[in-house]
Amino acid sequence: MRGPWRIARIMGIDISVDLSWFLIVFLLVYTLGFLQFPQELHPRAAFPRADGVSILLGVLTSLLLFGSVLAHELSHSWMAIQRGIPVTQITLFIFGGVARIAEEPDRPSTEFVIAVMGPLMSLALSFLFGAAWLWFTVIQRAHWIGISLTPIILLTSILFQGNGTLALFNLAPGFPLDGGRLLRAFLWGVWHNVRRATLWATRAGEALAVILIAVGGWLLLVSFDFAGLWYALIGFFVWNAAREGYRQMLFREAMRGLTVSQLMTRAVETVPAGISLQEFVDTHLLPARDQTFAVYEGGLFEGTIASSNVDRVARKHWSTVSVRDTMTPCEFVSPLAPDQSAMSAFAHFARTDEDEVPVVANRQVVGFLGRRELSRYLKLHDGQL
Ligand SMILES: [Zn+2]
């Protein structure tokens, strides 16, 4: 029940909303439909009350604001897809939206064009809604038509400001905001060193976060302005995202160029398929460390067996049941290939709950790779990061 919930699919990308998104939609609808719009729609009333028009307008404006956030993220995604980088999901949450772009760009120019698309879309939308707002305001002032245009003027005015703010905030030069990505792309292009470029863009992101938190704290504590809470929360969000983005870059750098065969353990213990489970337990499982065994029959790899397979068979059947009956057969094992990238092996373990998988070439098990080997490699490698 915790979400995020998928609400649509556009360009092959799942559009989801996070639980926190409902909170911000509720806050927006309330602030606009019940507080701001009644006042502006009935400026002469002593106590303006929310009515059908103000509430409907509040809902419509909020949805269009999130449509704008979505358009921003879709623009990034569209460009990523154009550059051959798949995008799997866009999630809307309390601070806006985030597109899950499957890989980091491998060139500064790619990073630049992907990062610039979002703010460009927001600027374009801001310009469009600004022009519409101006146009309707002129018509209203000139009394060209009999009906009041106030609702549509309010709507376009908020979307003009909203999209403008979205563009400007995202252009702030701190990683991982769009502006920070542009900065990183620029430094990367100049230095030809993605690590150093990310480090400095991340520092800029942390500085931005500190400024946001300080301004928020000032507003809240000195001016008793609750908008400060919002600034501070966004500041914490930016701080964490900057740290996380940097950590992921280091991780990718550590994995760069590595293949499965460089990380796997080459110690492969084989078991004949025909022996009984009891014999397997006594002669293979008990004397060894906790591991997966490769089951062979007639010189070919037939499946894997580990203590978890044995657990599923009642002890009294151990002498009558064979390894062949107990193993996980080949067709249910999703093996890795030795020349596969280490990154793809990580993705494999992130997707599944397997602990260890065989590395198979020409139907022969050449090694095993598990979470254990991966984390050991990272631990040993960390010293050099
Ligand atoms: Zn963006």
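Every number for a ligand or one of its atoms is a count from 1 in the order of the listing.
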Practice prompt. Decide, yes or no, whether a salt bridge links R363 with E302 under the criterion of side-chain N to carboxylate O below 4.0 Å.
Written response: yes
Discussion item. Using a strict threshold of under 4.0 Å (side-chain N to carboxylate O), is an ion pair present between R371 and E354?
Written reply: no
Worksheet item: Looking at F66 versus W21, is the centre-to-centre ring distance below 6.0 Å?
Response: yes
Discussion item. Please tell me whether S261 and D339 have a donor and an acceptor in their side chains that are separated by less than 3.5 angstrom.
Written reply: no
Worksheet entry | Distance flag, aromatic centroids of F127 and F160, threshold under 6.0 Å | no
Worksheet entry | Derivation and outcome, salt bridge (charged side-chain N to carboxylate O under 4.0 Å, His left out), residues R247 and E244 | CA-CA 5 Å; R247 213 183 53 76; E244 177 60 22; 3.3 Å; yes
Worksheet item: Are there any protein N/O/S atoms under 2.8 Å from the Zn ion (ligand 1), and if so, which?
Response: H72 NE2, H76 NE2, D178 OD1, D178 OD2
